[in-house]
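Inspection log for the structure reproduced underneath, given as structure tokens.
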Number of protein chains: 2
Amino acid sequence: MISLTEENYLKALIYLSFLAPGVEEKKDVGTNELASYLKLKSSTVNEMLKRLKEKNLINHEKYKKITLTPSGEQNGLKIVRKHRLWETFLFTKLDFDWIEIHEVAEQLEHIKSEKLVGKIDKLLGYPNFDPHGDPIPDKHGKIPQRITKNLSAVDIGKNCIVLAVSDTSKDFLNYLEDLGISIKTEIGLIDKIAYDRSIKIKIKDKQYSISKKVADNLLVNEKFN
Amino acid sequence: MISLTEENYLKALIYLSFLAPGVEEKKDVGTNELASYLKLKSSTVNEMLKRLKEKNLINHEKYKKITLTPSGEQNGLKIVRKHRLWETFLFTKLDFDWIEIHEVAEQLEHIKSEKLVGKIDKLLGYPNFDPHGDPIPDKHGKIPQRITKNLSAVDIGKNCIVLAVSDTSKDFLNYLEDLGISIKTEIGLIDKIAYDRSIKIKIKDKQYSISKKVADNLLVNEKFN
DNA sequence: ATTATTAGTTAGGTAATACTAACTATTATA
DNA sequence: TATAATAGTTAGTATTACCTAACTAATAAT
């Protein structure tokens with residue numbers, strides 16, 4: 001049996017090693033890194049690492065980095081799955097505000113009932129992404145690929161999050177900086193002007209107009225709304 | 001802040017002191033009674049009693065009985081409310097079987113979010129009774145009165161639970177025993193025969209016919225179905 | 001009224017999860 | 001390469017929530 005606390009450690013390890021934004025491939029995690037993420041002292045974490053290793057959930061040698069075992073990863077992904085399904089439930093079925101769902105899902109993710117997860121998944125229509133646009137692992141732990149598209153392909157009225165840029169020239173990046181656009185910036189698509197194919201967008205309630213060329217170079221991830 | 005364990009003690013005290021079937025008016029609870037209900041040792045319970053008293057949730061003097069303070073009762077009823085709302089949710093919204101809902105609700109009842117409880121309550125249409133027919137305390141802790149009726153007043157197709165008998169003669173009780181009817185027996189109402197006003201019932205998938213006189217003396221509580 | 005039984009308490013122990021303070025190993029820098 | 005900085009570990013402490021064993025108080029039975 002994995003305790004609630006142990007589950008939180010696994011989730012943190014999953015996050016830091018490959019789920020955090022910007023982490024492309026799996027990376028090993030250090031004790032202090034984990035401690036500071038969990039807002040705990042490294043000695044506390046160190047002790048827990050022994051228990052997790054004992055339970056064959058992580059690999060860890062003294063003074064070395066931490067990696068998840070297949071079992072640890074599987075179990076951690078289950079928590080991530082539950083968290084994101086509950087967030088989706090709260091948002092779409094109970095009209096919770098986008099900002100409130102995380103905290104409640106932090107509690108709900110620890111409810112132990114395979115059947116409940118399955119029923120919630122079904123009720124939601126087996127969603128692949130949560131309201132933040134983050135992928136929901138399936139019951140086997142498989143993570144759906146993000147649907148990344150150009151900003152110019154986003155539908156009018158939708159919001160999206162900037163994931164990457166396909167032009168990395170100084171000029172382009174400077175221009176983005178002036179607009180206040182960087183990774184994770186939320187952009188709302190207001191309108192598409194047929195005449196010159198320019199696009200009207202909204203960033204933090206301020207409107208801008210950008211050309212199709214600029215929009216084509218912004219890779220984004222559509223959000224729920 | 002009331003811990004999960006403390007919540008379970010409060011819930012148990014609520015149950016033993018006035019919510020358990022057969023308890024008509026509030027009664028004081030003993031340490032051992034509580035311990036055996038919670039399947040714990042009395043020493044363990046004794047220690048917890050100190051903390052609950054410390055937190056002003058119970059009244060307790062050495063070697064004397066335990067009573068809940070208004071705060072303890074209020075807090076305990078909140079847990080009962082959540083438990084029964086979640087059971088109703090699982091049963092009516094997620095098609096859980098009647099038998100499975102308790103265990104999952106035991107976990108869900110500890111989720112801390114006023115808003116979540118309110119939303120679930122609303123989603124369910126502010127029910128007064130859970131699928132077992134037990135009353136759901138409202139947000140102020142008020143407990144709806146059970147709708148107790150004679151078996152003869154139950155609608156065709158409904159199931160109900162025997163709560164009491166209004167005839168306690170030996171003859172009547174013996175007759176009930178022969179039919180396998182006692183307190184908490186579940187009875188399904190199959191049909192009402194207009195001719196002699198007799199009633200066709202089902203007990204554990206076996207059908208019986210009883211007279212109106214018998215049905216009038218059985219007090220029952222309608223269940224969900 | 002004495003004694004036996006039942007109810008309740010105390011003392012001391014354990015496991016899980018946190019902490020602080022002091023230590024050691026590893027890595028980076030001058 | 002010596003040393004400073006960073007990363008990681010160990011030792012000892014606290015709290016919560018459980019336990020067993022041994023005790024005392026209250027109640028029931030003869």
Side-chain angles (χ1 to χ4, degrees), chain A residues 1-13 15-17 20 23 27-68 72 75-76 79 106-107 109-112, chain B residues 1-13 15-17 20 23 27-68 72 75-76 79 106-107 109-112:
Chain A
M1 186 52 78
I2 301 177
S3 76
L4 187 146
T5 314
E6 288 163 353
E7 286 189 344
N8 282 333
Y9 276 83
L10 290 181
K11 196 175 54 139
L13 283 169
Y15 186 77
L16 294 173
S17 65
V23 180
K27 79 181 201 17
D28 297 354
V29 179
T31 307
N32 283 329
E33 186 186 1
L34 182 55
S36 90
Y37 178 74
L38 290 169
K39 297 192 175 68
L40 295 172
K41 301 299 164 181
S42 30
S43 57
T44 303
V45 169
N46 198 257
E47 224 168 63
M48 177 58 96
L49 293 180
K50 287 176 190 157
R51 203 145 3 110
L52 294 174
K53 193 188 168 184
E54 202 54 43
K55 292 189 171 186
N56 194 33
L57 296 164
I58 61 166
N59 306 117
H60 185 229
E61 298 307 322
K62 254 191 182 185
Y63 291 104
K64 295 286 158 58
K65 298 286 178 181
I66 311 150
T67 56
L68 285 155
N75 279 289
I79 313 298
E106 285 284 306
Q107 297 180 61
E109 74 191 7
H110 299 292
I111 302 293
K112 285 176 187 3
Chain B
M1 185 53 77
I2 301 176
S3 77
L4 187 146
T5 313
E6 288 163 355
E7 287 189 343
N8 282 332
Y9 277 83
L10 290 181
K11 197 175 53 140
L13 283 169
Y15 185 78
L16 294 173
S17 64
V23 181
K27 77 179 202 19
D28 298 352
V29 178
T31 307
N32 284 329
E33 186 186 2
L34 182 54
S36 90
Y37 179 73
L38 291 169
K39 297 192 175 69
L40 295 172
K41 300 300 163 178
S42 31
S43 57
T44 303
V45 169
N46 198 257
E47 225 168 62
M48 178 59 95
L49 292 181
K50 285 176 191 157
R51 201 149 0 112
L52 294 174
K53 194 191 169 184
E54 203 53 43
K55 292 191 172 186
N56 193 34
L57 295 164
I58 61 167
N59 306 117
H60 185 229
E61 299 306 322
K62 253 191 180 184
Y63 293 105
K64 296 285 158 58
K65 298 286 177 181
I66 310 152
T67 56
L68 285 156
N75 279 290
I79 313 298
E106 285 284 306
Q107 299 179 60
E109 74 192 7
H110 299 291
I111 302 293
K112 283 172 187 9

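Letters go in sequence order (proteins before strands), and every chain restarts at 1. Values below: all heavy atoms of this structure, side chains included; hydrogens, waters and symmetry mates excluded.
- Contact annotation: Lys50(B) reaches the phosphate of dT10(C) (side-chain N/O to OP1 or OP2, under 4.0 Å).
- With the nearest nucleotide of DNA chain C identified for both Glu61(B) and Ser3(A), Glu61(B) has the one nearer the 5' end.
- Contact annotation: side chain of Ser43(A) to base of dT20(C), donor-acceptor pair present below 3.5 Å.
- Nucleotide dG8(D) holds its C1' atom 14 Å from the NZ atom of Lys53(A), rounded to whole Å.
- Contact annotation for Thr31(B): backbone-only contact, meaning every heavy-atom pair under 4.0 Å involves sugar-phosphate atoms and none involves a base.
- Side-chain atoms of Leu40(B) lie closest to dC19(D) of the nucleotides dT10(C), dA25(C), dC19(D).
- Salt bridge absent: Glu6(B) and Lys11(B) never bring a charged side-chain N and a carboxylate O closer than 4.0 Å.
- Under a 3.5 Å cut-off, the side chain of Lys55(B) and the backbone N or O of Gly72(B) do not form any donor-acceptor pair.
- Computed from coordinates, the Tyr63(A) OH to dA25(C) C1' distance equals 5 Å when rounded to whole Å.
- Atom NZ of Lys62(B) and atom C1' of dT10(C) are 8 Å apart (whole Å).
- Put simply, CG on Leu38(B) is 13 Å from P on dA17(D), counting in whole angstrom units.
- When atom types are taken as modelled, the side chain of Lys53(A) and the backbone of His60(A) share a donor-acceptor pair closer than 3.5 angstrom.
- With distances taken from any side-chain atom of Thr5(B) to the nucleotides dT20(C), dC18(D), dT10(C), the minimum falls on dC18(D).
- Here Tyr9(A) reaches the OP1 or OP2 of dA18(C): one of its side-chain N or O atoms lies under 4.0 Å away.
- Among the atoms of the strands shown, base atoms are found under 4.0 Å from some heavy atom of Ser42(A).
- With DNA chain C read from its 5' end, the first of the two nearest nucleotides for Thr44(A) and Lys64(A) is the one closest to Thr44(A).
- Counting non-hydrogen atoms under 4.0 angstrom, Glu47(B) reaches a base of the nucleic acid.
- Look at CZ on Arg51(B): it is 7 Å from C1' on dA17(D), rounded to the nearest Å.
- For the pair Leu34(A) CG and dT6(D) P, the interatomic distance rounds to 20 Å; values are reported in whole Å.
- Heavy atoms only, all atoms of each residue included: Glu33(B) and Asp28(B) are closest at OE1-O, 4.2 Å.
- Nucleotide dT6(C) holds its P atom 11 Å from the CG atom of Asn32(B), rounded to whole Å.
- Proximity of Lys65(B) to the phosphate of dG8(C): a side-chain N or O atom is located under 4.0 Å from OP1 or OP2.
- The distance between atom CE of Met48(B) and atom P of dA17(D), rounded to the nearest whole Å, is 4 Å.
- Not a single donor-acceptor pair under 3.5 Å links the side chain of Thr44(B) to the backbone N or O of Leu40(B).
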